[in-house]
Amino acid sequence: MDKEIFETYESEVRSYCRTFPTVFNKAKGSLLTDQEGRTYIDFFNGAGTLNYGHNPDFIKKQLIDYLESDNIVHALDMYAVAKGEFIERLQTSILQPRGFNYKLQFPGPTGTNAVEAALKLARKVTKRTNVLAFMGAYHGMTLGSLAATSDDSSRAGAGLPLSGVTHIPAPYQYGDDFALEYLTMVLTDDHSGIDKPAAIILETVQAEGGVYVFSNEFLQGVEKIAAEHGILVIVDDIQVGCSRTGSFLSFERAGIHPDMVCLSKSLGGYGMAFSLMLLKPELDIWHPGEHNGTFRGNQLAMVAATAGLQITIDQNIEQGVSSRAKIVSEFLTTEVAPLSKEIEIRGMGLIWGIDLFDGDKAAQVARECFSRGLILERAGRDNGVVKLMPSLVIPEETLLEGLAIVRDSLAHVMK
């Protein structure tokens, strides 16, 4: 396949292919192979969509068996066996054992659909329109979720003013105490100029914002303040949920109970487009069909999602993340941090960022990694953060091999 076909006929909006300029055709586990037969270690992970790796055998078999049996694939929101099995597995294996009482809403196939549903419901419940989001946030590319996204380049594509969201300082900018005090001031000062919001939306780890981990204390503080003022808390767990940070839901470490939770990406198990919104039962005031989507009933994605949940439990994915996180943390501390006093390392679980505070250098590192057989992306201000996000089941030897490429590429660029 000649790349010319893409460059001639595909829109200029394409992005990742510019960073990884080869034509891929095979993928298994944590490895991608291009049509020339060259293999790459995957620290990109489909932007967080492939927590179980590429083409996991167990999920693949479930999908093939389902298709070969002529089971229903498209069902909108009709009752269907695959959907019922997913609901039962999520409730009995994940939510109920952890003390969460959530109803499930299937809003559409992608993460931004879940965010849009949450924002719409928060406004409907509270009868208020404003939403607070944090600087550095990324919540999606449709207009409602884009309004809650903070980076200039994404917002510039909207084509019209983005409204209904006020961005406030993130805790890493001036410290947890300042961020909480600022939030309180916004809500209590009758001259703040900021309308009382329907909701506060946040990521517990700002992934695209540069891999910034929000502390347990900060998350608890936000929940407490929101409750005092009758404001809903929405956690966007689209990228850092599904065990990416260690626990299936990223906020479990803080002991909080958000009013709504947005899930997608790896929830689809096999790279299947699938999103979900969890909501507290008392918030479920929708009228039938008031929020919908043609592909909210993708039964094939639900089969893959159910199989993914089974892997999570059977293979104790959370424990596996914990052990691999120690490997990454130790390697970055001992092998990468000494390369320069100007870099900063952040992360938890299996999402880590190496902040070079220089977009050009970070781009050079990404290109060097690619030339050495490793795929990863950049994030953060000026795209200056080299972002590591391998599969949650990556073999330890492959993980170490990929980390060595990161180290060597950084050393090459920064020499």
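Because the structure is predicted, anything quoted here is derived from the model rather than measured.
Side-chain rings of F20 and F44 approach one another, their centers coming within less than 6.0 Å. If you look at Y212 and F134, their ring centroids are not closer than 6.0 Å. A ring-centre distance under 6.0 Å is not found for F100 and F248.
The existence of a salt bridge linking D57 and K28 is confirmed by a sub-4.0 Å separation between a basic side-chain nitrogen and an acidic carboxylate oxygen. Salt bridge status for E10 with K3: absent, with no side-chain N to carboxylate O gap under 4.0 Å.
Between L31 atom CG and I375 atom CD1 the span is 10.0 Å, to the nearest 0.5 Å. The distance from atom CD1 of I238 to atom OG1 of T110, rounded to the nearest 0.5 Å, is 8.0 Å.
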Practice problem: Carefully, step by step, assess Y174 and Y182 under the rule ring-ring contact (aromatic ring centres under 6.0 Å, His included). | Solution: CA-CA 10 Å; Y174 302 104; Y182 187 93; 8.9 Å; no

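In the model, T142 has a side-chain atom that pairs as donor or acceptor with a side-chain atom of T112 under 3.5 Å.
Side-chain contact check for R89 versus Q91: every heavy-atom pair is 4.5 Å or farther apart. Contact check for H54 versus K26: no side-chain heavy atoms found under the 4.5 Å cut-off.
Ring geometry, F214 versus Y172: the interplanar angle falls from 30° to 60°, so the pair is classed tilted.
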